[in-house]
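Below is a structure I'd like to ask you about.
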Amino acid sequence: MGAYGNKHKPVNMEQLANVFNSIKRFITKTVKKLLFVVENESRQQQIVDLVGDVQITVAVTVPSALPEHLKKADFDCIIIDAGIKLLEALYKDELLSQIPVIISAERDLTSSEDAILQQYAKALTVKTVRSPARLLDEATRFLHQVADQLPEDKRQMLQMVHDKEGIMKDKKVLVVDDDVRNVFALMNVLEESQMEVIVGYTGQDGLRLLEEHQDIDIVLMDIMMPHMDGYEAMQKIREQPRLSRLPIIALTAKAMKGDKAKCLEAGANDYLSKPVDTDKFLSLMRVWLYQ
């Protein structure tokens, strides 16, 4: 969220002294230092121009990043355009593990890369972004830059990222639910947010519509449906590489112990019980559309 660091209480005087010394070093820096790990040199200038007024060190290959750069400089942030395996080296070093990492992913991560990310994300501060605006937003936060001091074009990019209505506007959502009343209620909320709504009433409908509309941004999947329930439908969706990272929010008729775990295991990204709380529902939608 933008904190410089964290400590577990109780904290002794020596730890406090180290914290204040660290803060002092950070504040007195006139220029923040960013390490950019990249394989595709054509992407290099794009990101350098985007991040702007910071001291940027470029490591063209992942093996060179750790010995050649990380051990020689006190970096404030790392952007990885390729080579997610660098996370393992950061995880194993107590000092390096404190550096926030942004993974700029123009493509979907492979299953092995995703496994590495999940393994180390609990111990490292890692954010995965898919758009230049999100990259700028995270870099500005981690480098503790003041948004008002950025150039006008970059301020506008950040305003768009944090526009709650803008995040949902013109996005396409697939609602799969056999309860017509629930579909009607969801459609009212979603269309008020200027989303395009596609509706399927069975699991089979959902799979067919995902094939027909390959630009769907998010799925709302009811669990209790006849013939093919939501669990099976989500499993079949996740079997398709093209849909492996499509956000899916599962909807259940009532909250039962273990429901959330079952939904996540079947392929859902998140879970809501009916009747849906509108504010919570919209907040969750924004979270998963915030790419």
Side-chain angles (χ1 to χ4, degrees), residues 105-108 127-138 156-225 228-231 233-238 240-253 255 260 263-264 266-291:
E106 283 198 321
R107 60 171 174 80
D108 286 341
K127 293 292 182 73
T128 303
V129 302
R130 295 178 180 274
S131 69
R134 280 274 282 120
L135 176 59
L136 176 63
D137 182 42
E138 297 296 353
Q156 289 180 359
M157 286 179 73
L158 292 179
Q159 287 170 0
M160 289 175 62
V161 168
H162 293 283
D163 177 3
K164 288 184 176 181
E165 283 69 36
I167 290 173
M168 300 178 71
K169 184 179 179 182
D170 298 329
K171 294 292 195 303
K172 186 178 286 190
V173 53
L174 170 63
V175 178
V176 185
D177 194 327
D178 65 329
D179 186 331
V180 177
R181 293 167 300 176
N182 194 55
V183 169
F184 181 74
L186 289 173
M187 284 185 67
N188 281 341
V189 174
L190 295 168
E191 289 178 347
E192 280 184 11
S193 298
Q194 301 182 62
M195 296 189 76
E196 182 181 346
V197 184
I198 308 294
V199 178
Y201 295 98
T202 66
Q204 293 95 327
D205 279 349
L207 295 173
R208 175 179 55 79
L209 290 166
L210 282 169
E211 191 63 35
E212 292 176 4
H213 301 269
Q214 301 209 358
D215 57 345
I216 285 172
D217 298 290
I218 191 167
V219 175
L220 301 177
M221 179 70 71
D222 183 35
I223 294 300
M224 302 306 293
M225 294 183 292
M228 181 189 290
D229 64 18
Y231 295 125
M234 290 189 294
Q235 288 170 343
K236 289 186 177 296
I237 290 171
R238 293 306 187 210
Q240 302 181 51
R242 178 179 68 86
L243 303 173
S244 63
R245 300 186 68 84
L246 176 68
I248 303 175
I249 299 176
L251 305 174
T252 63
K260 184 169 185 178
C263 290
L264 297 180
N269 296 92
D270 227 313
Y271 156 99
L272 278 174
S273 58
K274 302 177 189 176
V276 172
D277 177 285
T278 301
D279 290 338
K280 186 176 181 180
F281 167 63
L282 290 175
S283 178
L284 203 57
M285 290 283 289
R286 293 187 195 105
V287 166
W288 290 106
L289 288 169
Y290 182 57
Q291 297 292 326

Thr252 versus Cys263, closest heavy-atom pair with distance: CG2-SG, 4.2 Å

Rounded distance (nearest 0.5 Å) linking atom CG of Asp222 with atom OH of Tyr201: 12.5 Å

Shortest non-hydrogen contact between Met225 and Gly230, atoms and distance: CE-N, 3.9 Å

Nearest atoms (heavy-atom pairs only) where Ser193 meets Leu282: OG-CD2, 3.9 Å

Within residues 182-203 or reaching into it, pairs that qualify as salt bridge (charged side-chain N to carboxylate O under 4.0 Å, His left out) - sequence neighbours excluded: Lys172-Glu196

Val276 side chain near Val189 side chain, heavy-atom distance below 4.5 Å: no

Spatial distance of atom CD1 (Ile198) from atom CE (Met187) [nearest 0.5 Å]: 9.0 Å

Would you be so kind as to tabulate the donor-acceptor pairs closer than 3.5 Å made by side chains of residues 177-185, with sequence neighbours excluded?
{"residue": "Asp177", "atom": "OD1", "partner": "Asp179", "partner atom": "N", "Å": "2.8"}
{"residue": "Asp177", "atom": "OD2", "partner": "Asn182", "partner atom": "ND2", "Å": "2.5"}
{"residue": "Asp177", "atom": "OD2", "partner": "Lys274", "partner atom": "NZ", "Å": "3.0"}
{"residue": "Asp179", "atom": "OD1", "partner": "Arg181", "partner atom": "N", "Å": "3.0"}
{"residue": "Asp179", "atom": "OD1", "partner": "Asn182", "partner atom": "N", "Å": "3.3"}

Interatomic spacing from CD1 in Ile223 to CE in Met221 - rounded to 0.5 Å: 7.5 Å

Those residues that, when tested against Asp217, pass salt bridge (charged side-chain N to carboxylate O under 4.0 Å, His left out) (two or more places apart): none

Inter- and intrachain pairs under salt bridge (charged side-chain N to carboxylate O under 4.0 Å, His left out), touching residues 197-212, at least two apart: Asp205-Arg208, Arg208-Glu212

Beyond-backbone contact of Asp137 with Val129, side-chain heavy atoms, under 4.5 angstrom: no

Inter-residue atom distance Leu289.CG - Lys169.NZ, 0.5 Å rounding: 15.0 Å

Non-hydrogen side-chain atoms of Ile218 and Met195 separated by less than 4.5 Å: yes

Heavy-atom side-chain contact between Leu186 and Leu251 under 4.5 Å: yes

Side chain to side chain, Val219 and Met234, heavy atoms closer than 4.5 Å: no

Partner of Leu220 under side-chain contact (heavy atoms from CB on, under 4.5 Å), chosen from Leu174, Leu284, Ile248, Leu190: Leu190

Sub-4.5 Å side-chain heavy-atom contact between Met285 and Ile249: yes

Under 3.5 Å donor-acceptor, Arg238 side chain and Leu246 backbone: yes

Donor-acceptor contact present, side-chain Ser283 to main-chain Lys280, <3.5 Å: no

With sequence neighbours excluded, residues passing salt bridge (charged side-chain N to carboxylate O under 4.0 Å, His left out) with Asp277: none

Counterpart residues, side-chain contact (heavy atoms from CB on, under 4.5 Å), relative to Lys236 (two or more places apart): Leu207, Met228, Glu232, Glu239

Where Asp270 and Leu264 come nearest, the two heavy atoms and their spacing: N-CD2, 4.0 Å

